[in-house]
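Take a look at the structure set out below.
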Amino acid sequence: MLKKNVSLKNYNTFGVNVNAKQMYEIQNIKDLQSLFEEGIISNPFLVLGDGSNILFTKDFDGTIIKINLHGKKILEDTDKYIKLKISAGEKLEEIVKWTVENNLIGIQNLALIPGTIGATPIQNVGAYGVEIKDVLESVEFFDLKNGIVKTISGLDCEFGYRDSIFKHELKGLAIVTSITIKLEKYKQQELPERYLAYGDITKELESQYSKPYTLENLYQSICNIRKSKLPDVKEYGSCGSTFQNPIVSLEQYIEIKKKYESIPSFPTSERNFVKIPAAYILEKLGWKNRRVGKCGTWTHPLIVTNYDNASPKDILDVIEQIQKDFYDNIGVRLETEINII
Ligand SMILES: Cc1cc2nc3c(=O)[nH]c(=O)nc-3n(C[C@H](O)[C@H](O)[C@H](O)COP(=O)(O)OP(=O)(O)OC[C@H]3O[C@@H](n4cnc5c(N)ncnc54)[C@H](O)[C@@H]3O)c2cc1C
């Protein structure tokens, strides 16, 4: 379906009011094929899920490809696990809820993350110690080089922290149409330690529920923690964490520790590099719950928040101010996690 001169205000969770020249809503793969053959998917174009990881800085003078592909299908069902193929336009949170209701363990820690399934492999969506890569078998995508639907295995997606092949080699060349995930059947044994290790999960479980904890208890605990820490996008515009936690060398970390003695660090897949929590430093720099005109930061300082109809420029100015403060303080660049268009 084609719409011309579309306001994107309701298509991005920052809630900025910009227009797109045109938008096609994709209901099935045939729609993609037709657009491809007609040469409509050509620059500039942007694939859009729910706009929960995008800051539009101005009107978009091109074509928005809005992904409305729906459905899910169990491909394999054994005693131990299922393999589930999910179309790109399904909401991640609805799928997470469905898996918990069906006692399938694996993505419950991704509770309450806004956005569509198709966007999950792009930045390897993650929260509370789980990333989509942990359960991902394969990604099906429409290849814009030749108009063919292809499948790439999870192992070939080059996943990293908020990173994947779709941000590099396949950037602008792949429209994700579905993903296939493998989830274990939860048999009411003890919840595996790896799902409880992060942040306050155990504390929340202990304070609300009694042992043995159910999968539903774990899911609800994560929902409770997130609700206490993150703005509700229906009330305040945001894209969650605007920034990535920086990965620094051990030498840099030692230098940073001279200034911030108690700053924690987390291991990374690269030897001699650690991840540091940017929020720790931003809080010391006064970026917790700070208003700058119509926008600012939430109580969690990584979350740049649109408090009152801020313009894209207002939001961008705050982002740049935070990056400058951070760099001036510890000499490390704070990269954005969101896509700035
Ligand atoms: C309150 C809040 C909390 C959040 N918490 C988290 C969190 O804990 N962890 C986390 O990882 N993220 C988090 N996010 C960010 C966001 O929810 C995720 O990045 C989500 O996966 C984005 O989905 P989307 O459909 O909105 O993608 P969009 O914002 O529409 O798109 C994001 C990027 O993916 C591309 N894209 C989207 N769909 C497709 C597709 N089908 N094929 C190819 N490219 C595509 C877009 O072009 C764009 O580059 C949060 C956001 C908010 C607002």
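Small disclaimer: the values here were computed from a predicted structure and weren't measured.
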Would you check if the side chain of T305 reaches a backbone N or O of I303 as a donor-acceptor pair within less than 3.5 Å? yes
Measuring centre to centre across the rings, with the benzene-like ring taken for any Trp, is F326 within less than 6.0 Å of W287? no
Is S87 reaching over with its side chain to a backbone N or O of G89, donor-acceptor style, under 3.5 angstrom? no
Say whether L218 and L92 are linked into one hydrophobic cluster, either directly or through other cluster members, by side-chain heavy-atom distances under 4.5 angstrom. yes
Distance-only side-chain donor-acceptor flag, S311 / D314, under 3.5 Å: yes
How many angstroms lie between CG in L144 and CD1 in I41, if you round to the nearest 0.5 Å? 5.5 Å
Whether over 12 other heavy atoms sit under 6.0 Å from K259 NZ: yes
Looking at Q244, is its backbone amide N or carbonyl O close enough to the side chain of Y161 to form a donor-acceptor pair, meaning the two atoms are under 3.5 Å apart? no
Indicate, with yes or no, if L250 and I276 share a hydrophobic cluster defined by side-chain heavy-atom contacts under 4.5 Å among Ile, Leu, Val, Met, Phe, Trp and Tyr. yes
Smallest heavy-atom separation, C239 atom then G51 atom, equals SG-O, 4.2 Å
Excluding L112, membership of its hydrophobic cluster (Ile, Leu, Val, Met, Phe, Trp, Tyr; side-chain heavy atoms within less than 4.5 Å) reads none
Hits for salt bridge (Lys or Arg N to Asp or Glu O under 4.0 Å) against D308, two or more places apart or cross-chain, chain-then-number order -> none
Would you say L69 and V176 are hydrophobically clustered, going by side-chain heavy atoms of ILVMFWY under 4.5 Å? no
Side-chain heavy-atom pair I330, Y260 within 4.5 angstrom cut-off: yes
Does T242 reach the main-chain N or O of V304 with its side chain, forming a donor-acceptor pair under 3.5 Å? yes
Indicate, with yes or no, if V47 and I54 share a hydrophobic cluster defined by side-chain heavy-atom contacts under 4.5 Å among Ile, Leu, Val, Met, Phe, Trp and Tyr. no
Salt bridge (charged side-chain N to carboxylate O under 4.0 Å, His left out) partners of residues 123-151, not counting sequence neighbours, each pair once: K83-E137, K85-E140, E131-K133, D143-K150
K258/E255 salt bridge by N-O under 4.0 Å criterion: yes
The reported gap from OG in S238 to CG in L55 (rounded to nearest 0.5 angstrom) is 11.5 Å
Using modelled atom types and a 3.5 Å cut-off, is there a donor and acceptor pairing between side-chain atoms of D200 and backbone atoms of E204? no
Side chain to side chain contact (heavy atoms under 4.5 Å, CB included) test vs F141 passes for just one of T151, V149, L173, L170, namely L170
Are any of the side-chain heavy atoms of K229 and T299 separated by less than 4.5 Å? no
Check whether T202 reaches the backbone of L196 with its side chain - one donor and one acceptor, N or O, closer than 3.5 Å. yes
Euclidean distance, I122 CD1 relative to D163 CG, rounded to 0.5 Å: 11.0 Å
Hey, does the side chain of S241 reach the backbone of L302 with a donor-acceptor pair shorter than 3.5 angstrom? no
Could you name each residue pair satisfying salt bridge (charged side-chain N to carboxylate O under 4.0 Å, His left out) that touches residues 321-341, not counting sequence neighbours? R162-E337, K324-D328, R333-E335
Using only heavy-atom distances, determine whether the side chains of T214 and N217 contain a donor-acceptor pair under 3.5 Å. yes
Validation row: S262, Y280 side chains within 4.5 angstrom (heavy atoms): yes
Would you check if F243 and I319 make a side-chain contact, meaning some heavy-atom pair closer than 4.5 Å? yes
Beyond-backbone contact of I281 with I256, side-chain heavy atoms, under 4.5 angstrom: yes
For residues 94-110, tabulate all N or O donor-acceptor pairs below 3.5 Å that involve a side-chain atom, not counting sequence neighbours.
unit_1 : atom_1 : unit_2 : atom_2 : d
T99    : OG1    : V96    : O      : 2.7
N102   : ND2    : W98    : O      : 2.8
Q108   : OE1    : G106   : N      : 2.7
N109   : ND2    : Y128   : O      : 2.8
N109   : ND2    : Y195   : O      : 3.1

So, N53 versus Q123: side-chain donor-acceptor pair below 3.5 Å or not? yes
Between Q220 and E216: side-chain donor-acceptor atoms closer than 3.5 Å: yes
Please report, to 0.1 Å, the donor-acceptor pairs under 3.5 Å made by any side chain of residues 57-68, with sequence neighbours excluded.
unit_1 : atom_1 : unit_2 : atom_2 : d
T57    : OG1    : I341   : O      : 2.7
D59    : OD1    : N19    : N      : 2.8
T63    : OG1    : Q22    : NE2    : 3.0
K66    : NZ     : G49    : O      : 2.6
N68    : ND2    : E25    : OE1    : 2.8

Can you confirm whether Y198 is buried at OH, in the sense that more than 12 heavy atoms of other residues, nucleotides or ligands lie under 6.0 Å from that atom? no
